[in-house]
Amino acid sequence: MDLPPEFAPGQLMDPEELRRHLRACGAGVKVWRGCRILPPGLVSLGEGTQIDEGVMIFSGGGVEIGRRVHVAFGSSISGGGTCRIGDFAGIGAGTRLITGSDNPDGSGLTNPTIPPEWRSVTRGHVEIGAHALLFTGSVVFPGVVVGEGAVAAAGSIIHRDLKPWTIYAGNPLVAVGVRPHSRVLELARRLGPRAELN
């Protein structure tokens with residue numbers, strides 16, 4: 001039985017197409033059709049990384065995603081700044097990484113329908129450390145560094161830097177624990193850069 005496209009299983013983009021259009025594309029990368037990467041020439045994907053359907057990457061000044069990173073369904077990177085996501089990081093469904101924003105301080109008009117010289121926009125850099133986990137629906141604002149191995153609970157509003165290997169939750173966001181990391185780092189070391197990609 002033929003299914004309408006809305007019910008058909010997802011399909012991966014051709015790896016050769018990805019290599020032709022992206023700035024860099026490692027071995028074993030999986031990018032599902034139905035995501036958007038604009039412009040692709042400013043995006044680098046490390047080996048074994050997976051970008052799900054429904055992900056929107058508006059690369060602005062450039063996006064670099066490390067090895068074995070998962071960017072889940074409905075997530076986005078936008079704002080016109082730059083973004084770097086470290087190896088083994090997990091970006092939960094519906095998470096927003098915002099690299100730039102209009103200034104609400106009265107110094108200019110807001111929104112992209114306004115000519116640039118009449119707007120006041122701050123563009124920045126978002127850095128997500130290796131092994132960091134941002135659970136479903138988190139929002140990261142421009143200029144934020146999420147430290148290596150840091151965890152943000154679902155629905156987190158992240159407007160300041162997060163310390164490495166610290167678990168955060170609540171609104172406002174507060175540290176609620178420390179993430180043990182010796183086993184995580186050992187497994188990553190043993191997996192190594194040349195481990196077989198499935």
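Source: prediction; values computed, not measured.
- Side-chain atoms of Pro39 and Ser59, non-hydrogen and from C-beta on, do get closer than 4.5 Å to each other.
- For the pair Ile85 and Leu97, the minimum side-chain heavy-atom distance is below 4.5 Å.
- Counting only heavy atoms from C-beta outward, the side chains of Val139 and Ile98 approach each other to under 4.5 Å.
- Shortest non-hydrogen contact noted between Gly41 and Arg23 is O-CB, 3.3 Å.
- A side-chain hydrogen bond (donor to acceptor under 3.5 Å, both in side chains) check over residues 112-129, counting only residues at least two apart or in different chains, returns the pairs Thr82-His125, Arg84-Glu127, Asp102-Arg119, Asn103-Ser120, Asn103-Thr122, Ser107-Ser120, Asn111-Thr113, His125-Glu127.
- What you find for Val43 and Leu22 is that their closest heavy atoms are O-CB, 3.5 Å.
- The stretch residues 173-187 participates, sequence neighbours left out, in these side-chain hydrogen bond (donor to acceptor under 3.5 Å, both in side chains) pairs: Glu186-Arg189.
- Heavy-atom neighbours of Arg19 CZ from other residues, nucleotides or ligands within 6.0 Å: above the threshold of 12.
- No path of Ile, Leu, Val, Met, Phe, Trp and Tyr side chains, each step under 4.5 Å between heavy atoms, connects Phe141 with Phe135, placing them in separate hydrophobic clusters.
- Ile77 and Leu18 end up in the same hydrophobic cluster when Ile, Leu, Val, Met, Phe, Trp and Tyr side chains are linked at under 4.5 Å.
- A donor-acceptor contact shorter than 3.5 Å links the side chain of Ser75 to the backbone of Gly92.
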Name each donor-acceptor pair under 3.5 Å that joins a side chain in residues 157-176 to protein atoms two or more places apart or in another chain, with its distance.
unit_1, atom_1, unit_2, atom_2, d
Arg160, NH2, Leu173, O, 2.7
Asp161, OD1, Val145, N, 2.9
Thr166, OG1, Pro164, O, 3.0
Tyr168, OH, Lys163, N, 2.9

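- Residue Ser78 holds its OG atom at 14.0 Å from CZ of Arg36, rounded to the nearest 0.5 Å.
- Going from atom CD1 of Ile91 over to atom NE2 of His70 covers 10.0 Å, rounded to the nearest 0.5 Å.
- Pairing each heavy atom of Leu12 with each of Lys30, the nearest pair is CD2-CB, 3.7 Å.
- Remark: Ile128 CD1 to Glu64 CD distance equals 13.0 Å, nearest 0.5 Å.
- At a threshold of 4.5 Å between non-hydrogen side-chain atoms, the residues Glu53 and Cys35 do not count as touching.
- A donor-acceptor contact shorter than 3.5 Å links the side chain of Asp87 to the backbone of Arg67.
- Connection of Val63 to Leu42 is not established within any shared hydrophobic cluster, with ILVMFWY side chains joined at heavy-atom distances below 4.5 Å, either directly or through further cluster members.
- Thr49 contributes a side-chain N or O that, together with a main-chain N or O of Val69, makes up a donor-acceptor pair within less than 3.5 Å.
- For the pair His21 and Ile37, the minimum side-chain heavy-atom distance is 4.5 Å or more.
- Distance check: Ile51 CD1 to Trp32 CH2 gives 12.5 Å after rounding to the nearest 0.5 Å.
- Taking CG of Leu45 as the reference point, atom CD1 of Ile65 lies at 5.5 Å (rounded to 0.5 Å).
- Atom CZ of Arg96 is separated from atom OG of Ser138 by 11.0 Å, given to the nearest 0.5 angstrom.
- For the pair Thr99 (side chain) and Val126 (backbone), a donor-acceptor distance under 3.5 Å is absent.
- Using a 4.5 Å heavy-atom threshold, the side chains of Leu134 and Val146 count as touching.
- Contact between Ile57 and Val55 at its shortest, heavy atoms only, is CG1-CG1, 3.9 Å.
- Heavy-atom minimum distance, Gly26 versus Val29: O-CG2, 3.1 Å.
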